[in-house]
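Below is one structure, written out as structure tokens, with a few remarks after it.
Values below: every heavy atom of this structure, side chains too, minus hydrogens, waters and symmetry copies.
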Amino acid sequence: QVQLVESGGGLVQAGGSLSLSCAASGGTFSSVAMGWFRQAPGKEREFVAAANFIGSLTFYADSVKGRFAMSRDNAKNTVYLQMNSLKPEDTAVYYCAARDHRGNPYDVSIYDYWGQGTQVTVSS
């Protein structure tokens with residue numbers, strides 16, 4: 001059983017930056033692939049970014065490509081999401097997720113473990 005705890009959310013002006021962290025415990029971190037998702041009020045949870053088991057491959061939603069960067073540090077059991085050039089439409093609760101099996105990294109339904117989420121608010 002993997003437990004995930006996100007941190008780093010907050011309020012920022014449009015054009016600013018935030019860095020999110022997700023600390024994992026309770027499992028073998030290098031054996032889980034990780035993802036970031038977000039959910040805005042009244043909308044479905046959507047894919048943001050993902051990294052494979054060792055972080056050699058990363059995937060991004062078109063809406064964040066070139067602005068967000070995901071990385072993982074297996075020595076610290078932590079993944080990061082660096083968010084630059086933030087826009088008001090990036091406002092959402094951001095969730096960290098993990099899966100211990102192969103699959104489509106964009107698919108929210110294949111992730112087994114979820115954090116509690118952290119709020120990101122971008123003001124215009």
### Query
Would a distance-only check, ignoring hydrogens and angles, find a side-chain to backbone donor-acceptor pair under 3.5 Å from His101 to Asp112?
no
### Summary
The reported gap from OG1 in Thr118 to CG in Leu18 (rounded to nearest 0.5 angstrom) is 9.0 Å
### Check: Val122 main-chain N/O paired with Thr91 side-chain donor or acceptor under 3.5 Å
yes
### Considering all heavy atoms, the nearest Leu4-Ala98 contact
CD1-N, 3.8 Å
### Message
Membership question, hydrophobic clusters at under 4.5 Å side-chain separation (ILVMFWY): are Val108 and Val2 in the same one?
### Response
no
### Message
Would you compute the distance between atom OG of Ser124 and atom CD of Glu89 and round it to the nearest 0.5 angstrom?
### Response
10.0 Å
### Gap between atom CD of Glu6 and atom CG of Leu20 - 0.5 Å precision
8.5 Å
### Message
For a ring-ring contact (aromatic ring centres under 6.0 Å, His included) check, start with the C-alpha distance between Phe59 and Phe47, then their side-chain angles and the critical distance, and finish with the verdict.
### Response
CA-CA 10 Å; Phe59 310 87; Phe47 171 81; 7.6 Å; no
### Query
Are Val12 and Tyr94 connected in a single hydrophobic cluster, I mean Ile/Leu/Val/Met/Phe/Trp/Tyr linked by side-chain heavy atoms less than 4.5 Å apart?
yes
### Task
For Tyr106 and Glu46, indicate whether the former's side chain and the latter's backbone hold a donor-acceptor pair under 3.5 Å.
no
### Query
With a cut-off of 6.0 Å (strictly less than), are more than 12 heavy atoms of other residues, nucleotides or ligands near NZ of Lys76?
no
### Summary
By side-chain hydrogen bond (donor to acceptor under 3.5 Å, both in side chains), Asn52 pairs with (sequence neighbours left out) Ser56
### Message
Could you tell me if the side chain of Val93 sits less than 4.5 Å from the side chain of Phe37, heavy atoms only?
### Response
no
### Query
Can you tell me how far the OG atom of Ser17 sits from the CE atom of Met83, to the nearest 0.5 Å?
9.0 Å
### Message
Test: disulfide bond (SG atoms under 2.5 Å apart). Region: residues 70-111. Which pairs qualify, not counting sequence neighbours?
### Response
Cys22-Cys96
#### Entry: Close side-chain approach of Arg38 to Val64, heavy-atom, < 4.5 Å
yes
### Task
Group every Ile, Leu, Val, Met, Phe, Trp and Tyr by side-chain heavy-atom contacts under 4.5 Å, then state whether Leu81 and Val32 land in the same group.
yes
### Query
Parallel, tilted or perpendicular: which fits the ring planes of Tyr95 and Trp114, with parallel below 30° and perpendicular above 60°?
perpendicular
### Query
In terms of hydrophobic clustering (I, L, V, M, F, W, Y; side-chain heavy atoms under 4.5 Å; direct or indirect links), are Val120 and Val5 co-clustered?
no
### Task
Could you tell me whether Arg72 sits above the aromatic face of Phe29, with NZ or CZ closer than 6.0 angstrom to the six-membered ring centre and within 45 degrees of the axis?
yes
### Query
Tyr111 and Pro105: which non-hydrogen atoms are nearest, and at how many Å?
OH-O, 2.7 Å
### Query
Under the 3.5 angstrom rule, does the side chain of Arg67 hit a backbone N or O of Ser85 as a donor-acceptor pair?
yes
### Task
Check for a donor-acceptor pair, side chain of Tyr60 on one end and backbone N or O of Met70 on the other, with a separation under 3.5 Å.
yes
### Message
Distance check, rounded to the nearest 0.5 Å: Gln1 atom CD versus Asp100 atom CG?
### Response
9.5 Å
#### Entry: salt bridge (charged side-chain N to carboxylate O under 4.0 Å, His left out) evaluation trace for Lys87 with Asp90
CA-CA 5 Å; Lys87 305 175 181 180; Asp90 294 319; over 6 Å; no
### Interatomic distance, Ser31 atom OG to Phe53 atom CZ [nearest 0.5 angstrom]
7.5 Å
